[in-house]
There are 2 protein chains.
Amino acid sequence: MEKKLSRKEREFSQRKKEILDIALSLFSKRGFHNVTMQDIARKSEFAVGTIYKFFKTKEDLYRELVIKKGEEILSLLIKPFELSVDEMLKIRKAIETKINVFIENKDAIYLYLTETRGAAAYVSINIDEKIKDLYFSYLEKLAEVFEDGIKKGIFPDMDPFLLAIGIDSISNAFLFQEMERPGEHPFNVDLILKIFFRQIYIGGKLNV
Amino acid sequence: MEKKLSRKEREFSQRKKEILDIALSLFSKRGFHNVTMQDIARKSEFAVGTIYKFFKTKEDLYRELVIKKGEEILSLLIKPFELSVDEMLKIRKAIETKINVFIENKDAIYLYLTETRGAAAYVSINIDEKIKDLYFSYLEKLAEVFEDGIKKGIFPDMDPFLLAIGIDSISNAFLFQEMERPGEHPFNVDLILKIFFRQIYIGGKLNV
DNA sequence: CTAAAAAATGAGTTAATATTCATATAGCAT
DNA sequence: ATGCTATATGAATATTAACTCATTTTTTAG
């Protein structure tokens with residue numbers, strides 16, 4: 001069902017993708033309002049009119065970009081939850097994955113976090129809501145892992161959703177700090193786990 | 001040195017303050033680019049031209065607002081650090097204060113956090129840097145408390161700046177969650193301290 | 001009360017940029 | 001090679017919103 005695309009269609013998608021990549025690099029650095037369609041046209045080496053063959057409006061382009069990247073990133077972030085390992089390892093893998101995804105997708109992360117912050121960044125309520133929902137669904141999956149762990153007695157008995165928010169926000173904060181001032185305050189997964197669980201987990205074993 | 005203001009001057013500041021208050025409520029909901037000077041004029045019941053008697057440009061107005069609020073909030077947040085109590089209680093007070101400041105200044109917090117996020121929100125690099133610096137100076141003060149506590153052996157021996165980022169980001173995350181979906185996941189200072197220290201601190205005593 | 005000075009007003013000007021569309025170019029079939 | 005269709009182009013247009021300033025209104029002083 002994938003191979004039905006004609007060369008024309010493949011070229012169309014390829015060009016569209018190129019435009020979206022350029023747009024990502026621009027929007028993530030300067031924000032929606034400080035990037036013009038001219039900028040996108042110039043940098044992607046298309047004429048302005050051509051951009052409009054791919055996207056009805058500037059906002060459409062932005063919306064498509066934000067949602068596409070959001071979904072892309074979510075799909076990476078939730079992979080560890082499908083592993084059949086114990087909850088502690090799942091959490092560890094989830095944080096490791098998050099760190100890698102951050103590093104590999106800095107631009108997209110900027111776009112994404114800008115959106116979840118609402119307020120000044122938002123262009124249209126709908127984008128904002130969609131991205132919030134994606135992020136929420138991630139937190140819910142993470143919370144489920146905590147819930148399972150609590151039932152087994154390996155995590156403290158607290159609201160699993162708050163634990164999810166907690167560990168995720170620490171991870172985000174450390175990652176942002178690292179992005180802003182690289183090397184100043186090195187951290188790793190163990191440190192995050194240590195704060196959360198007073199535990200270091202190595203090769204299937206728990207060490208305090 | 002305060003009472004030298006004439007009625008004129010007092011009226012001028014009063015009006016300026018009114019405009020800034022209106023602008024805050026608008027900017028915090030819709031962001032810089034989605035609020036027009038017309039909007040601010042209409043809502044504050046002045047003419048557009050009058051707004052320009054108070055602020056040279058729209059960006060000036062915004063800058064003044066963001067920095068004023070940032071400084072206002074910082075001065076509230078750092079108060080607990082001046083208390084002469086032990087480090088654990090200082091941290092507790094700092095979180096309590098943060099929760100209260102959040103609740104009392106939701107609009108300003110939105111403005112403030114939007115700015116610290118950089119990226120899409122930014123208007124001019126200078127505002128952004130100024131606010132980042134303010135926030136950074138808060139984190140540094142918080143880190144000092146951790147440092148003192150670590151020396152005394154009452155906190156675990158980790159990078160105090162990371163501990164500061166950590167506890168602050170959890171507090172922020174819980175507060176945002178509460179703002180977005182009130183009542184769904186109740187939390188309090190004890191919960192945050194428990195995650196961080198496995199400790200509840202009541203009336204000067206530590207309880208595990 | 002009256003006239004000069006100060007302040008406020010908002011229609012009009014200007015600048016920036018999203019969007020359109022007549023024209024040019026490239027691709028393709030015969 | 002030739003015409004026909006689809007695609008690309010970017011100058012021209014439309015829109016939006018910041019900012020100005022000639023006019024009106026309010027305040028102050030005598």
Side-chain angles (χ1 to χ4, degrees), chain A residues 5-27 29-66 120-127, chain B residues 4-66 120-127:
Chain A
L5 297 172
S6 65
R7 181 174 59 75
K8 277 284 167 62
E9 288 167 319
R10 269 181 288 119
E11 275 180 19
F12 183 87
S13 325
Q14 178 52 34
R15 283 165 180 203
K16 193 165 174 177
K17 197 178 162 321
E18 271 171 41
I19 294 169
L20 285 174
D21 285 346
I22 294 289
L24 171 62
S25 74
L26 291 171
F27 283 137
K29 276 194 247 321
R30 318 213 303 250
F32 183 78
H33 292 284
N34 296 310
V35 172
T36 69
M37 292 301 262
Q38 297 280 356
D39 292 337
I40 297 172
R42 198 174 312 119
K43 207 168 166 207
S44 62
E45 294 171 74
F46 287 103
V48 191
T50 311
I51 309 283
Y52 280 89
K53 291 281 177 347
F54 295 91
F55 308 95
K56 225 168 64 240
T57 66
K58 183 186 176 189
E59 201 170 309
D60 270 12
L61 191 166
Y62 188 72
R63 186 198 325 275
E64 196 168 324
L65 177 61
V66 169
Y122 84 61
V123 180
S124 116
I125 301 247
N126 286 330
I127 303 180
Chain B
K4 273 191 200 132
L5 298 172
S6 64
R7 178 173 62 76
K8 275 280 166 67
E9 288 169 319
R10 270 181 286 118
E11 275 180 19
F12 183 86
S13 324
Q14 177 53 35
R15 282 167 181 200
K16 194 166 173 176
K17 198 180 162 321
E18 272 172 41
I19 294 170
L20 285 174
D21 285 346
I22 294 291
L24 171 62
S25 74
L26 290 171
F27 284 137
S28 68
K29 278 195 250 312
R30 319 212 302 250
F32 182 77
H33 291 283
N34 296 310
V35 172
T36 69
M37 292 301 262
Q38 296 280 356
D39 291 338
I40 296 172
R42 199 174 311 118
K43 210 170 164 204
S44 61
E45 292 171 77
F46 287 103
V48 188
T50 311
I51 309 283
Y52 280 89
K53 290 284 179 337
F54 294 91
F55 308 94
K56 224 169 63 244
T57 67
K58 184 187 175 188
E59 202 170 308
D60 271 13
L61 191 166
Y62 188 71
R63 187 197 325 275
E64 195 168 326
L65 177 61
V66 169
Y122 84 62
V123 180
S124 112
I125 302 246
N126 288 329
I127 303 179

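Computed from a prediction, not measured in an experiment: that's the story for all the values here. Within every chain, numbering begins at 1; the chains are lettered A, B, ... in the order of the sequence lines, protein sequences first and strands thereafter.
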Nucleotides 18-24 of chain D: which of its N/O atoms have a protein N/O under 3.5 Å away?
residue, atom, partner, partner atom, Å
D:dA18, OP1, B:Lys58, NZ, 2.9
D:dA18, OP2, B:Met37, N, 2.9
D:dC19, OP2, B:Tyr52, OH, 3.1
D:dC19, OP2, B:Lys58, N, 2.8

Are there any protein N/O atoms within less than 3.5 Å of an N/O atom in nucleotides 25-30 of chain C, and if so, which ones and at what distance?
residue, atom, partner, partner atom, Å
C:dC28, OP1, A:Arg7, NH2, 2.4

What about the rings of B:Phe55 and B:Tyr62, do their centers lie closer together than 6.0 Å?
-> no

Whole-Å distance, A:Glu11 CD to D:dA6 P, equals 16 Å

Could you tell me the separation between the CD1 atom of A:Ile19 and the C1' atom of D:dA8, rounded to a whole number of Å?
-> 11 Å

Aromatic plane relationship, A:Phe32 with A:Phe27 - under 30° parallel, 30 to 60° tilted, over 60° perpendicular | parallel

Take atom CD1 of A:Ile40 and atom P of D:dT9, then tell me their distance rounded to the nearest Å.
-> 15 Å

Spacing of A:Arg42 atom CZ and A:Ile22 atom CD1 [to the nearest 0.5 Å] = 12.0 Å

Please state whether the phosphate of D:dA8, meaning OP1 or OP2, lies under 4.0 angstrom from any side-chain nitrogen or oxygen of A:Arg15.
-> yes

Locate the shortest heavy-atom distance separating A:Leu65 from A:Ala23; write the atom from each residue and the value.
-> CD2-C, 4.0 Å

What integer distance in Å separates A:Phe54:CZ from D:dT7:P?
-> 10 Å

Value in whole Å for how far the P atom of C:dA7 lies from NZ of B:Lys16 = 15 Å

A:Leu61 CG to C:dA18 P: how many Å, rounded?
-> 11 Å

Measure from the side-chain N and O atoms of A:Asn34 to the backbone N and O of A:Arg30, and report whether any donor-acceptor pair falls under 3.5 Å.
-> yes

To the nearest 0.5 Å, what is the distance between CG (A:Leu20) and OG (A:Ser25)?
-> 11.0 Å

Shortest non-hydrogen contact from A:Ala41 toward A:Ala47 | CB-C, 4.0 Å

For A:Ile51 and D:dA8, what is the distance between atoms CD1 and P respectively, to the nearest whole Å?
-> 11 Å

Identify, with sequence neighbours excluded, every residue that meets salt bridge (Lys or Arg N to Asp or Glu O under 4.0 Å) alongside B:Glu18.
-> none

About how many Å separate CD1 of B:Ile51 and NZ of B:Lys58, when rounded to the nearest 0.5 Å?
-> 12.5 Å

To the nearest angstrom, how far is B:Glu9 atom CD from C:dA7 atom C1'?
-> 15 Å

